[in-house]
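Data block below; observations after.
Here, residue 1 is the first one in the sequence, and each next residue gets the next number.
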Amino acid sequence: MDEPVDIYEQAALNMSIPDGCDVNRAVYASIKQLISHDIIDPSLVGFQNCEPLCGICYHGSKEWDYIRFNIIVIGIILPIVGVFGIIGNAISAFVYSRPEMKCSTNFYLFSLACSDTGVALTGIFLFSLETFRPFSLTVARMSGQLSAIVYPMGMIAQTCSVYFTMCAGVDCFVQVCLPEKIRRLFSRKETVHFLAVCVVIFSVLYNVPHFFEGFVIDCYHKELGGMSREVCPATLRYNELYQSIYYKYMYAIFLAVGPLITLIVLNTFIIGFSVFGSSASNTDDTMSLILVVLLFISCNTIALIINIFESYLSETLGSKINYIVDLSNFLVVFNSSFNIVIYIKYSRPFADTLFSYFCRRKPKTESPGPGPPIMITEKPSRSKKCKETLSRLLVASQPEVLI
């Protein structure tokens, strides 16, 4: 007796390929596989001559209210914020690489500015370019060709941002709260560079699965009248075990809840040491910490919820989830672009160094020093600079988002 055939497998088998076309083409096999796993709707599959019609995997919203919202927030405001962030992060990297600013914590902030530049760049490409995809064949081709690569690269940059923030937090905690012997160890050039390399390697390895979550197909764009390209999800992306382990548990531990709790604990120790370990008042540091934590939470809570409960929210909200995804994506880019404002307002050494190079203004004499050097040649002091630094660390973390 023949074994029963699953309805989705049957639908895949029944997919009609136009006469005269090579039935062995890889694109046909890929479409059949997606149908058999109930990833795409067989009714959406159509052909122009022998080419599949675009729209099999990409479904742009037809609701005018959402289209208008998407164009304003993602198509116009987000790239403006992103360009500001790219410029701001370039300036931050320049300032933190100056000889008078060299300290172990500032090296991590320099690295953070570089990774945040990557987050802003990929955010503009992935989100803003996608907004204009339905209106331009050139944009549709570019987006379809590069999205499968740009998305993993953006996630690598985002993971780097999270862990460079963690490194800066741990380093500043060590400099402020731990004995001198440990401070000297963590301030050494070898230690700093080793941790930075570990962050980059971990970020790449952690995001390797994203390179296998999608594939690109050639398709005919009926509305725009020409050949285009479209990214389709691989079956791995919809595997229940993969979604549960990688997107829920690992994401929460390594990119969201874990880093957030760690930074809050570190800040708590820093504040406690500052209040009870010295006579100087630190009310400004406490207030800045509150503001930074609130900003971090407000910019990343939505992304955390979407990534963990993606399937449930999609079923519950339907097309309304697009508004939440757009808002989350905007906040991710905003979070990676706002750092320079925090640095200028709350770090006098940063502001003085910035203005001394760009405005030729002499730094104020009461300005605190840049902190302990990366390569220790003499006993380091517990610089006020490094105490200042951690109060703005949380704003730089960006667990991500992406759609």
Nearest 0.5 Å, what's the [atom1]-[atom2] distance between [X] and [Y]?
X: Glu190; Y: Leu185; atom1: CD; atom2: CG; value: 10.0 Å
X: Leu195; Y: Phe186; atom1: CG; atom2: CZ; value: 7.0 Å
X: Thr131; Y: Leu78; atom1: OG1; atom2: CG; value: 8.0 Å
X: Tyr96; Y: Cys114; atom1: OH; atom2: SG; value: 12.5 Å
X: Cys103; Y: Leu109; atom1: SG; atom2: CG; value: 8.0 Å
X: Cys219; Y: Ile31; atom1: SG; atom2: CD1; value: 9.0 Å

Working for side chain to side chain contact (heavy atoms under 4.5 Å, CB included), residues Tyr323 and Leu327: CA-CA 6 Å; Tyr323 291 91; Leu327 180 60; over 6 Å; no
Side-chain ion pair, Arg25 and Glu51, N-O less than 4.0 Å: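 Yes, Arg25 and Glu51 are salt-bridged.
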Does a sphere of radius 6.0 Å around [atom1] in [X] hold more than 12 heavy atoms from other residues, nucleotides or ligands, not counting ones at 6.0 Å or beyond?
X: Tyr238; atom1: OH; answer: no
X: Met166; atom1: CE; answer: yes
X: Phe211; atom1: CZ; answer: yes

Residue pair Phe338, Val81: steps toward the side chain to side chain contact (heavy atoms under 4.5 Å, CB included) verdict: CA-CA 9 Å; Phe338 193 74; Val81 173; over 6 Å; no
Determine the minimum heavy-atom distance between [X] and [Y], stating which atoms define it.
X: Gly144; Y: Val231; answer: O-CG2, 3.4 Å
X: Cys54; Y: Ser228; answer: SG-CB, 3.9 Å
X: Asp218; Y: Pro52; answer: O-CG, 3.4 Å
X: Phe110; Y: Ala93; answer: CD1-O, 3.2 Å
X: Val199; Y: Cys167; answer: CG2-SG, 3.7 Å
X: Phe215; Y: Pro233; answer: CE2-O, 3.6 Å

Looking at side-chain heavy atoms only, is the closest gap between [X] and [Y] below 4.5 Å?
X: Met142; Y: Phe125; value: yes
X: Leu354; Y: Phe94; value: no
X: Arg133; Y: Glu230; value: yes
X: Ile86; Y: Ile124; value: yes
X: Glu130; Y: Leu126; value: no
X: Phe84; Y: Ile340; value: yes
X: Leu34; Y: Cys57; value: yes
X: Asp326; Y: Tyr66; value: yes

Check against side chain to side chain contact (heavy atoms under 4.5 Å, CB included), Asn322 and Asn70: CA-CA 9 Å; Asn322 292 329; Asn70 181 260; over 6 Å; no
Test item: side-chain donor near acceptor, Asn207 and Thr159, under 3.5 Å: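 Yes.
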Test item: side-chain donor near acceptor, Arg98 and Thr353, under 3.5 Å: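 Distance-only check fails for Arg98 and Thr353.
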Aromatic ring pairing Tyr343/Phe350, orientation class (parallel under 30°, perpendicular over 60°, tilted between):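 Tilted: the ring planes of Tyr343 and Phe350 meet at 30° to 60°.
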Plane angle bin for Tyr242 and Tyr247 - parallel if under 30°, tilted between 30 and 60°, otherwise perpendicular: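 Perpendicular, since the angle between the ring planes exceeds 60°.
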Residue list, side chain to side chain donor-acceptor pair (under 3.5 Å) with Asn49, at least two apart or on another chain: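 Partners of Asn49 by the side chain to side chain donor-acceptor pair (under 3.5 Å) criterion come out as none, since no residue qualifies.
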Non-neighbouring partners of Gln145 that pass side chain to side chain donor-acceptor pair (under 3.5 Å), sequence neighbours left out: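 Applying side chain to side chain donor-acceptor pair (under 3.5 Å) to Gln145 gives Arg229.
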Test log, rule side chain to side chain contact (heavy atoms under 4.5 Å, CB included), inputs Ser92 and Asn339: CA-CA 8 Å; Ser92 298; Asn339 296 351; 5.5 Å; no
Measure from the side-chain N and O atoms of [X] to the backbone N and O of [Y], and report whether any donor-acceptor pair falls under 3.5 Å.
X: Ser143; Y: Val139; answer: no
X: Thr122; Y: Val119; answer: yes
X: Asn106; Y: Lys102; answer: no
X: Ser115; Y: Leu112; answer: yes
X: Asn89; Y: Gly85; answer: yes
X: Ser244; Y: Glu240; answer: no
X: Ser128; Y: Ile74; answer: yes
X: Gln48; Y: Lys222; answer: no

Centroid separation Tyr28 to Phe47 less than 6.0 Å: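 Judged by ring-centre distance (under 6.0 Å), Tyr28 and Phe47 do meet the cut-off.
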Non-neighbouring partners of Phe202 that pass ring pair (Phe, Tyr, Trp, His ring centres under 6.0 Å), sequence neighbours left out: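 With sequence neighbours excluded, Phe202 shows a ring pair (Phe, Tyr, Trp, His ring centres under 6.0 Å) to Tyr163, Tyr206, Phe254, given in chain and number order.
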